[in-house]
Amino acid sequence: MNSIFDKIREQVHGIVEKAFRACEEKGVLPPVQISEVFVEVPRERGFGDFSTNIAMQVSKQTRMPPRKTAELLLNEFDYSGTYIERAEIAGPGFINFFLKRDWLYDCLRLIQEKKERYGEVDLGKGLKVNVEFVSANPTGPLHMGNARGGALGDCLASVLEKAGYDVTREFYINDAGNQIEKFGMSLEARYMQIILGEDKVSFPEDGYHGEDIIQHARDYYDMYGDSLVDKPSEERRRILVDFALPRNIQKMRETLSAYGIEYDVWFSEKTLHDNGEVKRVVDYLTEKGYTVEKDGAIWLNGEKLGLEKDEVLIRSNGVPTYMAADIAYHYNKLVTRGFDLAIDLWGADHHGHVARMKAAMTPFGLKKEQLEVVLFQLVRLFRNGELARMSKRTGKAIALEDLLEEVGRDAARFFFNLKSAGSHLDFDLDLAVRQSNDNPVYYVQYAHARICSLLRKLKEEGITGRPIDEVDLTLLKENEELELIRKLSEYPEEVALAAKTFEPSRLTRYVMEVAAGFHSFYNACRVKGGEEELMMARLILVDCTRIVIKNILELIRIDAPERM
RNA sequence: GUGCCAGUAGCUCAGCUGGAUAGAGCAACGGACUUCUAAUCCGUCGGUCGGGUGUUCGAAUCAUCUCUGGCACGCCA
């Protein structure tokens, strides 16, 4: 068993189903089809520990008021062998269950048994999932959008691992195509400007204006001088790209590593072109009639795939588009490499691409659901209360590297993981830069440090916890104690929900609630110095809290300090 | 113009597949350290869930219309 919730759900389901059958046999209720019995935690404690709305769900089938149905069921409830002590009917027809405290104490036993594996759920059944995130163009430094996508993607990957999926973290290197062309042109212009003077060489309108481009050119010039001046432009660009691109990629690796992200795979787009996969995929689509030829270009047949319009795959000049490469890339993930599911994290500005990519998978016998795209809204930067543009081309954007230096990895990751992907995120640099304690990351870290400090202090006095079997857990009966255990019991549930909804930010918010529960407990109950048996029981609770907090902080890769 | 996302307390956001009296943090105000870390806790204040209509026993949640903000609609990625 991984979760007390699962156990309770099973128990309630069993009780309810048996009651329905009994009612049917007695002839007081008609036969009822129940697919699932929803069990939820009521908002109010007075409504019990768990409740179900099953009587309302089946009111159409029973053709009687929900409260009446609930009453008939209640008469047949058999609680033997369950945590349930009693049940009540309330409101429009809710059945509220009041449990014996054993379920909470068993939760502590479960945490002590599972330790750092507590919270794991088997949702994925070992399914192979590829999570691709950041995948920034290697033409410049990582920006805030990459930072958000990075935190969300990495944490989503962790959540899915915890939920029983076989996860691969992947970075797609856009080392081919138009962006690289522009990159080459920009480098060339900067290089020539160094030699011939800035006024003599015009800079391409749509080139990359960033400082980093100038730096690359200068570095090349410092190392190899003006050796490229007399070379043909094409060769000059190629050499400069070959010089600068690996440097950029290396830089991205380092920055992401400092950000706490380690990839399993760095996948090069160029290889898809070089080994002919892009061409093969387009040929296949053509063969199957999914393309049309128009104006000398090859287009994806939008009508046939249920799309609004056609999309160019191969330009009239014979160069494949990013779309063609992307189809080949996802084909590679789902077919060549056999992933069951590919999850992409894209900035919301790419949302128009989602339907196209999913549709483009179907000619290969793949299901649209095998490609999941998590869109995250873009980050808006504010500096001195003003909106700051974050375009690479203006070169004015704050880089992830700068952010890490200013606010640190923990705060950055926590901040980007606090809100759901779909909501806009205003990043106030002045606030984030401030090392103030209204930063929520400290709240959680402090709870962990407080626990460690407490355990340390007790140890210094020669007090260590006992095995849970030798502790009387029923001594835990203060409201703050019970509420804290309840909170801890939700962890596996939170993991499952985060995995199902692709919303890792749930866990960040959840761990704040755990910390809050602990702080409340800490202020209300003393661990040290009281009656020994009670102290032992509280030590178990404290240790369980430590396990859960550390567990989550490790999962989202934020430091769990033992002292602050 | 068409499409996607968002609109919930002064601010930033939760609210799971429709459920009971809509929540949290920050801000404001008032309290709590002789005892395990006050980077903490407790309390108060604060809402016509953008607006309308519909579906239903029941709607912040679903449908539809409308308003507002962001984004996308390229032989760019």
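The figures here come from the full heavy-atom set of this structure, side chains too, leaving out hydrogens, waters and symmetry mates. A, B, ... follow the sequence lines: proteins, then strands. Residue 1 opens every chain.
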Query raised in the report: Under 4.0 angstrom, heavy atoms only, what part of the nucleic acid is A/Asn96 near: base, sugar-phosphate, or nothing?
Result: base
Query raised in the report: Would one find more than 12 heavy atoms of other residues, nucleotides or ligands at under 6.0 Å from atom NZ of A/Lys294?
Result: yes
Requested in this report: Starting at atom CG of A/Asn523, determine the distance to atom P of B/C36, rounded to an integer number of angstrom.
Outcome: 12 Å
Query - Length of the line joining A/Arg43:CZ and B/A20:P, which is rounded to integer Å - result: 5 Å
Report task. Mark up nucleotides 5-16 of chain B, 5' to 3', with B wherever a protein heavy atom is under 4.0 angstrom from a base atom, S wherever such an atom reaches only the sugar-phosphate, and - elsewhere. Result -> S------SSS-B
Report task. Using side-chain contact (heavy atoms from CB on, under 4.5 Å) as the criterion, point out the one residue from A/Leu541, A/Thr545, A/Val444, A/Val548 that pairs with A/Phe518. Result -> A/Thr545
Report task. Taking atom P in both B/G52 and B/U61, compute the distance separating them and give it to the nearest angstrom. Result -> 12 Å
Query raised in the report: Quick one: A/Tyr522 OH to B/A39 C1', roughly how many Å, whole number?
Result: 12 Å
Query raised in the report: Base, sugar-phosphate alone, or nothing: which one does A/Arg356 contact when heavy atoms must sit under 4.0 Å apart?
Result: base
Report task. Using the C1' atom on both, measure B/G54 against B/G10 and round to a whole Å. Result -> 34 Å
Requested in this report: State yes or no: are the ring centers of A/Phe5 and A/Phe50 separated by less than 6.0 Å?
Outcome: yes
Report task. Round to the nearest Å and state the distance from A/Met323 atom CE to B/C76 atom P. Result -> 14 Å
Report task. Report yes or no: is there a donor-acceptor pair, N or O only, under 3.5 Å between the side chain of A/Ser316 and the base of B/C75? Result -> yes
Query raised in the report: What do the steps show when you test A/Ile314 against A/Thr321 for side-chain contact (heavy atoms from CB on, under 4.5 Å), and what is the final call?
Result: CA-CA 6 Å; A/Ile314 308 287; A/Thr321 60; over 6 Å; no
Report task. Could you check whether A/Asp295 gets within reach of a base, just the sugar-phosphate, or nothing at all, counting any heavy atom under 4.0 Å? Result -> base
Report task. Measure from NZ or CZ of A/Arg86 to the centre of the six-membered ring of A/Phe98 and say whether it is under 6.0 Å with the direction within 45° of the ring axis. Result -> yes
Query raised in the report: Please give, in whole Å, the distance from B/C4 P to A/Trp346 CH2?
Result: 17 Å
Report summary line: Considering only heavy side-chain atoms of A/Arg450, the closest of B/C36, B/U40, B/A39 is B/U40
Query raised in the report: Paired with B/G23: which nucleotide, if any, by Watson-Crick or G-U wobble criteria at under 3.5 Å for both distances?
Result: B/C13
Query raised in the report: Distance between the C1' atoms of B/C75 and B/C71, in whole angstroms?
Result: 23 Å
Query raised in the report: Hey, are A/Lys528 and A/Glu461 close enough for a salt bridge, meaning a charged N less than 4.0 Å from a carboxylate O?
Result: yes
Query raised in the report: Just checking A/Arg563: base, sugar-phosphate only, or nothing, at a heavy-atom cut-off of under 4.0 Å?
Result: base
Query raised in the report: Between B/A77 and B/U68, how far is it from one C1' atom to the other, in whole Å?
Result: 30 Å
Query raised in the report: Is A/Lys500 touching bases, backbone alone, or none of the nucleic acid, heavy atoms closer than 4.0 Å?
Result: nothing
Report task. Test for a donor-acceptor pair under 3.5 Å between the base of B/C41 and the side chain of A/His519, counting only N and O atoms. Result -> no
**Report entry** Spacing of A/Lys309 atom NZ relative to B/C73 atom P, expressed in whole Å
**Finding:** 8 Å
Query raised in the report: So which nucleotide from B/C36, B/A77, B/G19 ends up closest to the side chain of A/Leu454?
Result: B/C36
Query raised in the report: Of all the nucleotides listed (B/C36, B/A20, B/U17), which has the minimum atom distance to the side chain of A/Ala90?
Result: B/A20
Requested in this report: Figure out the OH/P separation between A/Tyr208 and B/C76, and round it to whole Å.
Outcome: 13 Å
Query raised in the report: In whole Å, what separates the P atom of B/G58 from that of B/C41?
Result: 42 Å
Report task. Take atom CG of A/Leu484 and atom C1' of B/C41, then tell me their distance rounded to the nearest Å. Result -> 14 Å
Query - Centroid-centroid distance, A/Trp346 to A/His353, less than 6.0 Å - result: yes
Query raised in the report: Base, sugar-phosphate, or nothing for A/Cys452, non-hydrogen atoms under 4.0 angstrom?
Result: nothing
Report summary line: When both distances are under 3.5 Å in a Watson-Crick or G-U wobble arrangement, the nucleotide paired with B/U40 is B/A32
Report task. Please evaluate the base of B/A77 for a donor-acceptor partner in the side chain of A/His350 within a cut-off of under 3.5 Å? Result -> yes
Query raised in the report: Expressed as a whole number of Å, how far does the P atom of B/G1 sit from that of B/A63?
Result: 23 Å
Query raised in the report: At under 4.0 Å between heavy atoms, what does A/Ser453 touch on the DNA or RNA strands: base, sugar-phosphate, or nothing?
Result: base
Query - Pairwise C1' distance for B/C33 and B/A38, with rounding to whole Å - result: 6 Å
Query - Criterion side-chain contact (heavy atoms from CB on, under 4.5 Å) on A/Tyr491 and A/Lys162, from CA distance to verdict - result: CA-CA 11 Å; A/Tyr491 184 35; A/Lys162 195 93 185 157; 3.7 Å; yes
Query raised in the report: For A/Ala449, which contact category applies under a 4.0 Å heavy-atom criterion: base, sugar-phosphate, or nothing?
Result: base
**Report entry** Counterpart base for B/G1, defined by Watson-Crick or G-U wobble contacts under 3.5 Å
**Finding:** B/C73
Query raised in the report: Below 3.5 Å, does any donor atom in the side chain of A/Asp349 face an acceptor in the base of B/A77, or the other way round?
Result: no
Report task. Run the numbers on A/Tyr329 and A/Tyr172 for ring-ring contact (aromatic ring centres under 6.0 Å, His included), then give the verdict. Result -> CA-CA 9 Å; A/Tyr329 177 43; A/Tyr172 182 51; 3.8 Å; yes
Query - Nucleotide paired to B/C45 in any strand shown, Watson-Crick or G-U, under 3.5 Å - result: none
Requested in this report: Report the base-pairing partner of B/U64 (Watson-Crick or G-U wobble, both distances below 3.5 angstrom), or none.
Outcome: B/G52
Query raised in the report: Which part of the nucleic acid, if any, lies within reach of A/Ala348 when heavy atoms closer than 4.0 Å are counted: base, sugar-phosphate only, or nothing?
Result: sugar-phosphate
Report summary line: Assigned chi class of B/C33 under the 90° convention is syn
Query raised in the report: What nucleotide among B/A39, B/G19, B/C75 has an atom nearest to a side-chain atom of A/Asn53?
Result: B/G19
Report task. Sticking with atom C1', work out how far B/G47 lies from B/A60, rounded to a whole angstrom. Result -> 12 Å
Query - Pair A/Tyr208-A/Gln179, side-chain donor/acceptor within less than 3.5 Å - result: yes
Query raised in the report: Is the number of heavy atoms from other residues, nucleotides or ligands under 6.0 Å of A/Glu303 CD greater than 12?
Result: no
